[in-house]
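Before any comments, here is the structure.
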Amino acid sequence: PRPGRCPRAGQGTARCEHLSLIHIFTNQLARAYRVEVSTDNTNWVRFNGLNDTNPDIAPNLQDSTNYESDGWATFEVTLHAWKLVLKANRQANTGVEDPAFTMARACVGQFGDAARLYVRWYRRDGIPEAWTGRAIVGVSKSKTGVADLDEWTVTFTGSGALSPIANPYACLLYTSR
């Protein structure tokens, strides 16, 4: 092993005899995400009632195989696409609907800028995973049974670049201590 590096890191709890270190890894919770939307990319409104958050950043691959690749396929990334799909229980407070859901719903059936919102998502546990971009918004009911909660699926389909940002929640964690 290289000096200062544990060969067993990433295997749960591991004791490094040669470094006298103990590595303890814990499972991260899926519910650590927060999602916020904005019409102007400045004033952010938190999406409440989230119960499923699924970000997807997908490369478009083109075959670049040639005679020199010795029989192995090779690929190039020619563009990227991104999407954020979330599910949320529709919530209201004394008859007033969650403002973020209202903003998303207002995009349905619109064209141009009226069909888009800025969206950002980040982890609430301080892990430096945070993204922002502008997206076309789709809203559809996901549960319709008598015993179900009023759950909706909101799909943000990227319209342009997705950019990494400093985790806003991590900033709140450090300034409030």
Side-chain angles (χ1 to χ4, degrees), residues 26-63 75-176:
T26 58
N27 293 318
Q28 300 299 308
L29 301 177
R31 65 178 181 250
Y33 284 102
R34 176 165 289 165
V35 176
E36 296 173 340
V37 293
S38 173
T39 56
D40 61 7
N41 202 22
T42 303
N43 299 300
W44 295 96
V45 179
R46 179 177 162 185
F47 223 106
N48 293 301
L50 294 180
N51 59 36
D52 191 359
T53 307
N54 185 8
D56 181 29
I57 304 169
N60 183 65
L61 301 176
Q62 292 295 319
D63 189 340
F75 295 89
E76 288 296 331
V77 176
T78 58
L79 47 96
H80 294 278
W82 66 273
K83 184 187 303 188
L84 174 67
V85 179
L86 60 89
K87 290 185 180 180
N89 294 324
R90 193 169 182 182
Q91 295 186 331
N93 184 355
T94 61
V96 178
E97 185 176 53
D98 172 30
F101 187 80
T102 302
M103 292 167 65
R105 203 167 38 78
C107 294
V108 174
Q110 301 299 316
F111 297 95
D113 287 342
R116 292 169 169 79
L117 285 175
Y118 292 95
V119 61
R120 70 180 184 182
W121 66 93
Y122 52 90
R123 293 187 59 93
R124 297 180 302 134
D125 53 13
I127 289 176
E129 178 184 338
W131 298 90
T132 189
R134 194 157 187 238
I136 296 172
V137 183
V139 178
S140 62
K141 203 160 177 56
S142 57
K143 288 190 177 176
T144 58
V146 172
D148 291 333
L149 295 174
D150 192 10
E151 181 186 86
W152 289 71
T153 298
V154 181
T155 303
F156 297 93
T157 303
S159 181
L162 179 67
S163 303
I165 58 172
N167 185 328
Y169 196 79
C171 295
L172 291 174
L173 285 176
Y174 295 119
T175 57
S176 65

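In this chain, residues are counted from 1 in sequence order.
Every residue two or more places apart in sequence or in another chain that forms a salt bridge (Lys or Arg N to Asp or Glu O under 4.0 Å) with Asp113 is listed here: Arg134. Listed by chain and residue number, Arg90, Arg105 satisfy the salt bridge (Lys or Arg N to Asp or Glu O under 4.0 Å) test with Glu97 (two or more places apart in sequence, or in another chain). Shown here are the salt bridge (Lys or Arg N to Asp or Glu O under 4.0 Å) partners of Arg116, two or more places apart in sequence or in another chain: there are none. Contacts of Ala32 classified as side-chain contact (heavy atoms from CB on, under 4.5 Å), with partners at least two apart in sequence or in another chain: Arg123, Asp125. For the side-chain hydrogen bond (donor to acceptor under 3.5 Å, both in side chains) test, no residue two or more places apart in sequence or in another chain qualifies with Asn93. For Thr132, there are no side-chain hydrogen bond (donor to acceptor under 3.5 Å, both in side chains) partners two or more places apart in sequence or in a different chain. Evaluation of the side-chain hydrogen bond (donor to acceptor under 3.5 Å, both in side chains) rule for Lys87 yields no partner, not counting sequence neighbours. Annotation: side-chain hydrogen bond (donor to acceptor under 3.5 Å, both in side chains) contacts of Asn48 (sequence neighbours excluded): Asp98.
Residue pairs satisfying the salt bridge (Lys or Arg N to Asp or Glu O under 4.0 Å) criterion with at least one member in residues 47-60, sequence neighbours excluded, are absent. For residues 138-162, the pairs satisfying ring pair (Phe, Tyr, Trp, His ring centres under 6.0 Å) are Phe101-Trp152, with sequence neighbours left out.
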Identify every side-chain donor-acceptor pair in residues 142-149 under 3.5 Å, counting partners at least two apart or on other chains, and give the distances.
unit_1	atom_1	unit_2	atom_2	d
Ser142	OG	Glu151	O	3.2
Ser142	OG	Glu151	OE1	2.8
Asp148	OD2	Gly145	N	2.8

Which atom pairs, one a donor and one an acceptor, fall under 3.5 Å between side chains of residues 77-86 and the rest of the protein, sequence neighbours left out?
unit_1	atom_1	unit_2	atom_2	d
Thr78	OG1	Asn60	O	3.4
Thr78	OG1	Asn60	ND2	2.8
Trp82	NE1	Gly160	O	2.9

